[in-house]
Amino acid sequence: MSSYKDLDIYKISLSLFYEVHPMSLKLPKYELYELGSQLRRSSDSIVTNIVEGYGRSAYKAEFVRFLTFSWASCLETINHLEKIKHLYGNLFRDDLIQNYEILSAKIYSFIKYVENNWK
């Protein structure tokens with residue numbers, strides 16, 4: 001791997017961010033700067049922490065730390081999507097939560113890989 005762009009977790013999280021961001025703008029106006037903003041920030045944090053962690057990958061502990069931030073942001077994003085689904089019905093595609101759950105598992109697996117196999 002020569003770049004963070006080679007990581008599946010990066011590719012998936014960026015793709016999901018591009019999907020979630022415009023959908024979050026469809027929330028009712030009073031939610032755009034509340035739940036919508038939280039969703040946009042947490043989904044962006046997933047991919048951003050992967051990139052920042054990779055930039056510190058010469059230091060295994062730092063890489064793991066930022067991957068853990070990414071994983072936590074993924075869990076936060078799932079929580080926001082579950083709240084939106086409950087409050088606003090089918091505003092989002094049904095498989096979006098499932099896709100973030102798959103991403104969460106991939107990030108967690110990558111954290112374990114880095115912990116056990118990184119230089």
Side-chain angles (χ1 to χ4, degrees):
M1 134 182 61
S2 61
S3 168
Y4 62 85
K5 292 180 180 180
D6 296 330
L7 296 171
D8 283 343
I9 58 173
Y10 169 79
K11 294 173 190 173
I12 295 167
S13 61
L14 185 61
S15 176
L16 287 171
F17 169 77
Y18 286 144
E19 200 170 334
V20 163
H21 190 276
M23 290 178 163
S24 72
L25 298 174
K26 295 178 182 176
L27 285 165
K29 193 169 194 125
Y30 56 87
E31 286 287 17
L32 286 179
Y33 301 106
E34 297 294 327
L35 192 52
S37 175
Q38 290 177 311
L39 175 62
R40 287 187 296 277
R41 285 183 287 120
S42 67
S43 65
D44 183 42
S45 179
I46 300 166
V47 67
T48 301
N49 278 299
I50 291 167
V51 173
E52 187 168 356
Y54 189 86
R56 298 167 187 246
S57 63
Y59 307 98
K60 179 165 80 169
E62 282 290 292
F63 195 15
V64 169
R65 181 171 162 247
F66 279 87
L67 290 171
T68 301
F69 293 154
S70 177
W71 181 54
S73 292
C74 191
L75 296 175
E76 180 184 354
T77 300
I78 291 166
N79 180 258
H80 294 319
L81 288 169
E82 288 170 341
K83 289 184 280 187
I84 290 169
K85 183 173 177 125
H86 180 80
L87 293 171
Y88 302 106
N90 291 326
L91 187 61
F92 290 76
R93 279 195 357 255
D94 286 338
D95 65 338
L96 201 51
I97 293 171
Q98 181 183 5
N99 290 340
Y100 270 104
E101 288 171 342
I102 291 167
L103 174 60
S104 172
K106 287 180 179 286
I107 295 170
Y108 184 80
S109 293
F110 189 63
I111 291 169
K112 294 302 170 194
Y113 168 80
V114 171
E115 286 175 337
N116 296 319
N117 301 298
W118 208 252
K119 40 188 168 169

**OP:** Quick one: pull up CG in Leu39 and CD in Glu34 and give me the separation to the nearest 0.5 Å.
**Re:** 13.0 Å
Original post:
Would you say the side chain of Met23 lies within less than 4.5 Å of the side chain of Leu96, judging by non-hydrogen atoms?
Top reply: yes
Original post:
Do Glu76 and His80 have side-chain N/O donor and acceptor atoms under 3.5 Å apart?
Top reply: yes
Original post:
How far does CD of Glu82 sit from NZ of Lys85, to the nearest 0.5 angstrom?
Top reply: 9.5 Å
**OP:** Determine, step by step, whether Glu115 and Lys112 satisfy the salt bridge (charged side-chain N to carboxylate O under 4.0 Å, His left out) criterion, reporting the C-alpha distance in whole Å, the side-chain angles of both residues, the deciding distance to 0.1 Å, and the verdict.
**Re:** CA-CA 5 Å; Glu115 286 175 337; Lys112 294 302 170 194; 3.1 Å; yes
Original post:
Between Phe110 and Trp118, what is the ring plane arrangement, given parallel below 30°, perpendicular above 60°, and tilted in between?
Top reply: perpendicular
Subject >> Flag if over 12 foreign heavy atoms under 6.0 Å of NZ, Lys26 >> reply: no
Original post:
So, does Ser57 use its side chain to make a donor-acceptor pair with the main chain of Tyr54 at under 3.5 Å?
Top reply: yes
Original post:
Can you get from Phe17 to Leu35 by hopping between Ile, Leu, Val, Met, Phe, Trp and Tyr side chains that sit under 4.5 Å apart?
Top reply: yes
Original post:
Which heavy atom of Tyr100 sits nearest a heavy atom of Ser43, and at what distance?
Top reply: OH-CB, 3.5 Å
**OP:** Specify the closest pair of heavy atoms between Leu27 and Gly36, including all atoms of both residues, with the distance to one decimal.
**Re:** CD1-CA, 3.5 Å
Original post:
If you look at every heavy atom in Tyr10 and Tyr4, which pair is closest and at what distance?
Top reply: CB-O, 3.3 Å
Subject >> Joint hydrophobic cluster, Ile50 plus Leu103, side-chain heavy atoms closer than 4.5 Å >> reply: yes
**OP:** Kindly check if the number of other-residue, nucleotide or ligand heavy atoms within 6.0 Å of NZ (Lys5) is above 12?
**Re:** no
**OP:** Could you grab the distance from atom CG of Leu75 to atom OG of Ser70, nearest 0.5 Å is fine?
**Re:** 9.5 Å
Original post:
Would you say Ser73's side chain and Phe69's backbone share a donor-acceptor pair under 3.5 angstrom?
Top reply: yes
**OP:** Measure from the side-chain N and O atoms of Asp6 to the backbone N and O of Ser2, and report whether any donor-acceptor pair falls under 3.5 Å.
**Re:** yes
Original post:
Does Ser45 use its side chain to pair, donor to acceptor, with the backbone of Arg41 at less than 3.5 Å?
Top reply: no
Original post:
Does atom OH of Tyr59 have more than 12 heavy-atom neighbours from other groups under 6.0 Å away?
Top reply: no
Original post:
What are the two closest heavy atoms between Leu32 and Arg40, and how far apart are they?
Top reply: O-NH2, 2.6 Å
**OP:** Verify side chain to side chain contact (heavy atoms under 4.5 Å, CB included) between Ile12 and Ile102, making sure each step is shown before the conclusion.
**Re:** CA-CA 10 Å; Ile12 295 167; Ile102 291 167; 5.9 Å; no
Subject >> Shortest non-hydrogen contact from Ser13 toward Ile46 >> reply: CB-CG2, 3.6 Å
Original post:
Do the non-hydrogen side-chain atoms of Leu16 and Thr77 ever get within less than 4.5 Å of each other?
Top reply: no
Subject >> Trp71 to Ser104 - nearest heavy-atom pair and separation >> reply: NE1-OG, 3.0 Å
Original post:
From Gln98 CD over to Ile78 CD1, what is the distance, rounded to the nearest 0.5 angstrom?
Top reply: 11.0 Å
Original post:
Looking at CD1 of Ile9 and NZ of Lys11, how far apart are the two atoms once the value is rounded to the nearest 0.5 Å?
Top reply: 11.5 Å
Original post:
Can you tell me how far the CD1 atom of Ile111 sits from the CG atom of Asn116, to the nearest 0.5 Å?
Top reply: 12.0 Å
